[in-house]
Amino acid sequence: MNQRTILVTSALPYANGHIHIGHLVEYLQTDIWVRFQRLRGHRCVYMCADDTHGTAIMIRARQEGTTEEELIGRMNEAHRRDFAGFDIQFDNYGSTHSPENRALCQEIWSAIRRAGLVSTQQVEQLYDAQAGTFLADRFVKGTCPKCAAPNQYGDSCDRCGAHYSPTELVDPKSTLSDTTPEVRTADHLFINIERLHDFLTEWTRSGDHLQTEVANYLAGHFLNEPLHDWDVSRPAPYFGFEIPDSPGNYWYVWFDAPIGYMASTRQWCDRRGERFDDWWRSDRTEIHHFIGKDITYFHTLFWPAMLKTSGFSLPTKVHIHGFLTVGGEKMSKSKGTFILASTYLKHLNPSYLRYYYASKLGPRVDDIDLNLDEFVARVNADLVGKVVNLASRTAKFVEKTGLSAVYPADGGLFDQAARDGQAIAEAYEQCDYNRAMRLVMAVADRANQYIEHAEPWNLRKDPAKARALQDVCTIGLNLFRQLAVYLAPVLPRLAEQTGALLHQPIARWDESRTPLVGTPVARFEHMLTRVDPKEIEAMIDESRAADEPQATVSAWDDGPEPLAAEPLAETCSFDEFVKVDLRVARVVEAEAVPQADKLVRLTVSLGGDKRLNVFAGIKSAYAPEDLLGRLVVCVANLAPRKMKFGTSEGMVVASGTGGKDIFLLSPDAGAKPGQRVH
RNA sequence: GGGCCCGUAGCUCAGCGGUUAGAGCAGGGGACUCAUAAUCCCUUGGUCGGAGGUUCGAAUCCUCCCGGGCCUACCA
């Protein structure tokens with residue numbers, strides 16, 4: 001067999017969230033395919049990375065009071081951990097926020113420039129002056145200009161379905177700062193992709209690059225009319241890479257994200273001493289992308305166009321899968337079906353999900369459903385009842401003797417299963433895993449029938465039939481080993497356990513064609529336990545519980561704006577905190593400072609005869625007479641500060657943005673002046 | 001609003017123009033007891049979402065309708 005050289009990618013998960021079981025459909029589908037190719041003896045590498053750029057990351061970092069780099073670094077670690085927990089094995093897992101990616105973006109961008117495909121066009125957009133950022137449609141809310149429904153997003157109305165641009169909204173508000181955004185115009189850079197129209201028409205239709213339904217979809221929806229220019233830049237502020245020949249503008253996240261596939265490859269090449277061009281500029285290397293149907297457009301039109309223009313290899317195939325539903329419905333946080341990878345791993349064995357998805361996945365774009373009852377039934381019946389059971393019911397009879405020295409007559413069972421390997425391999429190759437699993441289970445059924453018929457448990461009773469017993473178990477274990485080979489892409493752990501049981505590691509698909517004889521057999525240990533439905537319940541409960549704090553927050557309807565407007569300060573140690581001596585104090589004198597716009601002069605008592613003279617900038621919100629007698633919290637050990645009107649010996653703490661929007665803190669009833677706030 | 005996909009036995013799906021529509025699981029009956037109450041044999045069960053049409057012939061092709069799912073809304 002000719003050895004193929006194959007580069008495989010999965011879509012880059014966005015650094016804005018954790019991996020959940022919906023994501024895993026894709027990474028498991030890809031990992032199985034990669035493992036299959038390697039088992040077949042091909043050279044196959046699997047590249048992935050985090051997709052880290054864009055407005056959403058920028059805003060989230062702000063809301064969490066952290067930097068984008070810290071946020072994406074944390075997510076990168078979490079993603080790697082989750083993938084590893086599911087035995088998903090990348091050759092390299094990088095980040096789009098890497099020097100390699102920046103360099104490749106630059107290289108591809110230059111090529112697109114040289115090809116004369118870039119133009120500058122003015123784009124009108126709402127701008128939030130307080131947050132200092134342009135607003136995507138979903139960051140603007142206002143009243144629908146058609147039906148006057150309040151609280152509608154900037155693009156269309158949920159109530160009447162009207163379409164409009166965010167500039168048409170009545171009384172628009174930024175969801176970031178709750179201020180009224182202004183209309184601003186900015187220059188954006190566009191790629192004239194229409195110039196590649198003929199190339200794309202040809203590419204999408206030829207060479208099995210796409211599933212037929214995808215090719216038809218593109219032909220009927222995009223390629224039947226001129227392609228719009230693609231807006232690939234965003235004005236500052238934007239978390240991403242600044243475009244070197246267009247200062248102040250950044251590459252749109254969808255420009256640099258797919259280039260992340262290449263950047264990840266480059267990191268791997270540098271580490272392994274490989275030549276990058278052997279992978280991305282070679283006719284001999286196949287490139288396979290696995291993606292979800294939602295990002296079809298980017299991977300089948302823009303991406304090939306970018307690669308073509310910059311002289312890199314085009315994808316051999318873009319494999320597109322559907323989405324996951326749970327119990328026939330979209331994953332739901334409140335129903336507990338929005339299950340994070342990490343939550344799953346706390347309760348269940350990853351092999352279960354690997355097998356279950358394999359048993360559901362086909363080569364089409366169809367959605368797949370995770371039915372939890374079926375999940376239990378499939379795993380228990382197929383994996384434990386049929387497959388593992390084969391070893392379980394034969395291995396112990398040959399623990400002492402090992403396998404027969406010569407493979408016995410088995411009525412053609414082994415040969416038939418070896419021949420089935422062909423069809424199973426084809427199914428894997430086509431990503432028709434559910435067909436592959438059905439074929440494998442048919443082999444398992446025949447093997448169980450054979451054991452049933454041969455009755456090793458009766459042979460065992462007669463010492464004269466020891467030889468026959470050994471032969472029957474040799475056959476049973478060899479059929480089992482074939483299954484382990486066929487399932488190895490899906491269940492790498494089972495393949496390893498089988499290797500250990502029979503003292504012969506499974507490394508090649510072709511090992512399913514030659515019976516193993518004469519080897520010792522290790523003591524049998526359970527390879528996979530049955531799914532306990534209680535664990536599923538516990539997992540669902542935990543997923544539902546994870547949603548509850550959020551539900552509480554939303555019930556109070558507290559918006560994220562204040563925190564966004566003033567991000568958290570850097571971490572402060574306890575020692576630093578205790579330096580600040582906060583005390584409960586009573587206002588015993590209060591007078592406005594006539595010459596000052598904002599100041600009120602207070603005398604606060606810390607109990608006994610301890611008094612502090614404090615100037616507070618609260619005139620616009622509090623009348624001095626209303627303050628007399630009330631309790632406040634003040635910073636009592638603040639260094640005195642000389643002001644025009646006297647010396648301020650402390651600070652009265654308050655929140656708010658200023659003006660009428662100032663709120664003094666007061667302790668609950670019972671607090672006494674002079675008590676420290678800890 | 002636009003679009004894509006699906007609707008075949010209780011459940012999950014295969015079949016995608018041609019003999020009486022299949023599988024696994026579940027259900028019912030039996031066998032076995034080696035095995036993680038696993039396995040084996042037999043068996044019940046469907047007017048292929050609905051209505052039209054094309055055809056000698058349709059679950060399979062076309063149209064419409066109904067039901068479900070999903071995506072999309074600085075981009076289509």
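Residue numbers begin at 1 in each chain, while the letters A, B, ... track the order of the sequences.
- Taking the C1' atoms as reference points, B:rG7 lies 12 Å from B:rA59, given to the whole Å.
- Atom CG of A:Asp229 and atom C1' of B:rC74 are 15 Å apart (whole Å).
- Under the 4.0 Å criterion applied to side-chain N and carboxylate O atoms, A:Asp420 and A:Arg446 are assigned as salt-bridge partners.
- With B:rC34, B:rU12, B:rC74 as the candidates, the nucleotide lying closest to the side chain of A:Asn371 is B:rU12.
- Between A:Asp294 and A:Phe302, the residue anchored closer to the 5' end of RNA chain B is A:Asp294, taking for each the nucleotide with the nearest heavy atom.
- A stacked arrangement is not assigned to A:His453 and the six-membered base ring of B:rC40, the conditions of a centre distance below 5.5 Å and an interplanar angle below 30° not being jointly met.
- A:His228 comes within 4.0 angstrom of the backbone, heavy atoms only, and of no base.
- Of the two residues near RNA chain B, A:Val365 and A:Asn380, the one whose nearest nucleotide lies more 5' is A:Val365.
- At the phosphate of B:rC13, OP1 or OP2 sits under 4.0 Å from a side-chain N or O atom of A:Lys360.
- A:Asp229 and A:Gln121 form a side-chain donor-acceptor contact under 3.5 Å, judged by distance and modelled atom types alone.
- Rounded to a whole angstrom, the distance from the P atom of B:rC25 to that of B:rU19 is 27 Å.
- B:rC16 sits 26 Å from B:rG52 when the P atoms are compared, rounded to a whole Å.
- Comparing the C1' positions of B:rA51 and B:rU47 gives a spacing of 15 Å, expressed to the nearest Å.
- At least one donor-acceptor pair under 3.5 Å links the side chain of A:His197 to the backbone N or O of A:Leu223.
- The P atoms of B:rG49 and B:rG67 are separated by 16 Å, rounded to the nearest whole Å.
- For the pair A:Tyr356 and A:Leu370, the tightest heavy-atom approach, listed with the atom from each and the gap, is CE2-CD1, 3.4 Å.
- Residue A:Phe397 has its side chain nearest to B:rC34 when only B:rC34, B:rC13, B:rA76 are considered.
- In summary, the aromatic rings of A:Phe241 and A:Tyr250 are positioned with their centroids too far apart to meet the 6.0 Å limit.
- Taking atom CH2 on A:Trp230 and atom P on B:rC74, their separation rounds to 16 Å, with Å as the unit.
- A straight line from CZ of A:Phe375 to P of B:rC13 spans 15 Å, rounded to a whole angstrom.
- With C1' as the reference atom, B:rA14 and B:rA23 are 7 Å apart, rounded to whole Å.
- A:Phe134 comes within 4.0 angstrom of no nucleic acid atom, judged by non-hydrogen atoms across all strands.
- Geometrically, A:Arg234 engages A:Tyr252 in a cation-pi contact defined by less than 6.0 Å to the ring centre and at most 45° from the axis.
- Looking only at atom types and distance, the side chain of A:Thr96 has a donor-acceptor partner in the side chain of A:Thr52 under 3.5 Å away.
- Comparing B:rC5 with B:rG22, their C1' atoms are spaced 24 Å from each other, to the whole Å.
- Look at A:Asp367 and A:Lys293 and you find a salt bridge, because one of the NZ, NE, NH1 or NH2 atoms lies within 4.0 Å of a carboxylate O, short of that distance.
- Note on A:Met527: a base of the nucleic acid sits closer than 4.0 angstrom, heavy atoms only.
- Using a 4.0 Å heavy-atom criterion, one finds that A:Asp445 contacts the sugar-phosphate atoms exclusively.
- Using a 4.0 Å cut-off between charged side-chain N and carboxylate O, A:Glu374 and A:Lys360 make a salt bridge.
- When rounded to the nearest whole Å, the span between CZ of A:Arg435 and P of B:rC16 equals 11 Å.
- When each of B:rC25, B:rA76, B:rU72 is scored by its nearest atom to the side-chain atoms of A:Ala381, the top-ranked nucleotide is B:rC25.
- Distance CG (A:Leu324) to P (B:rC6): 18 Å, rounded to an integer number of Å.
- A:Arg460 comes within contact range of the sugar-phosphate backbone alone, with a heavy-atom separation under 4.0 Å but no base atom that close.
- For A:Glu452, taking side-chain heavy atoms from C-beta onward, the closest of the listed nucleotides B:rC25, B:rC41, B:rA31 is B:rA31.
- The closest donor-acceptor contact from the side chain of A:Tyr238 to the backbone of A:Phe134 lies at 3.5 Å or more, if one exists at all.
- Checking B:rU39, B:rA14, B:rC41 against the side-chain heavy atoms of A:Asn448 singles out B:rU39 as nearest.
- In this structure, the CE atom of A:Met441 is 12 Å from the P atom of B:rU39, given to the nearest Å.
- A salt bridge is defined here as a Lys NZ or Arg NE, NH1 or NH2 lying under 4.0 Å from an Asp or Glu carboxylate O, and A:Lys461 with A:Glu455 fails to meet this definition.
- Remark: A:Arg530 is in phosphate contact with B:rA38, judged by side-chain N or O atoms under 4.0 Å from OP1 or OP2.
- If you check distances only, the side chain of A:Glu374 never reaches the base of B:rC11 with a donor-acceptor pair under 3.5 Å.
- Within residues 384-395 of chain A, the residues having any heavy atom under 4.0 Å from RNA chain B are, by residue number, A:Val384, A:Gly385, A:Lys386, A:Val388, A:Asn389, A:Ser392, A:Arg393.
- Pairing analysis of RNA chain B (Watson-Crick: purine N1 to pyrimidine N3 plus N6-O4 or O6-N4; G-U wobble: N1-O2 and O6-N3; both under 3.5 Å) yields stems of 3 or more pairs at B:1-7 with B:66-72, B:10-13 with B:22-25, B:27-31 with B:39-43, B:49-53 with B:61-65.
- Side chains of A:Asp128 and A:Thr133: no donor on one and acceptor on the other come within 3.5 Å.
- Distance check on atom C1': B:rG15 versus B:rG53 gives 24 Å, rounded to whole Å.
- Rounded to an integer number of Å, the gap from A:Asn249 CG to B:rC74 P is 19 Å.
- Residues A:Arg523 and A:Glu525 are not paired through a salt bridge, judged by the lack of any N-O separation under 4.0 Å between the basic side chain and the carboxylate.
- Ring stacking is absent between A:Phe222 and B:rA76, as the pair misses the limits of under 5.5 Å between centres and under 30 degrees between planes.
- The separation between A:Glu399 atom CD and B:rA35 atom C1' is 13 Å, rounded to whole Å.
- Between B:rU39 and A:Gln449, no contact under 4.0 Å exists linking OP1 or OP2 to a side-chain N or O.
- The side chain of A:Asn458 sits closest to B:rU33 out of B:rC71, B:rU33, B:rC25.
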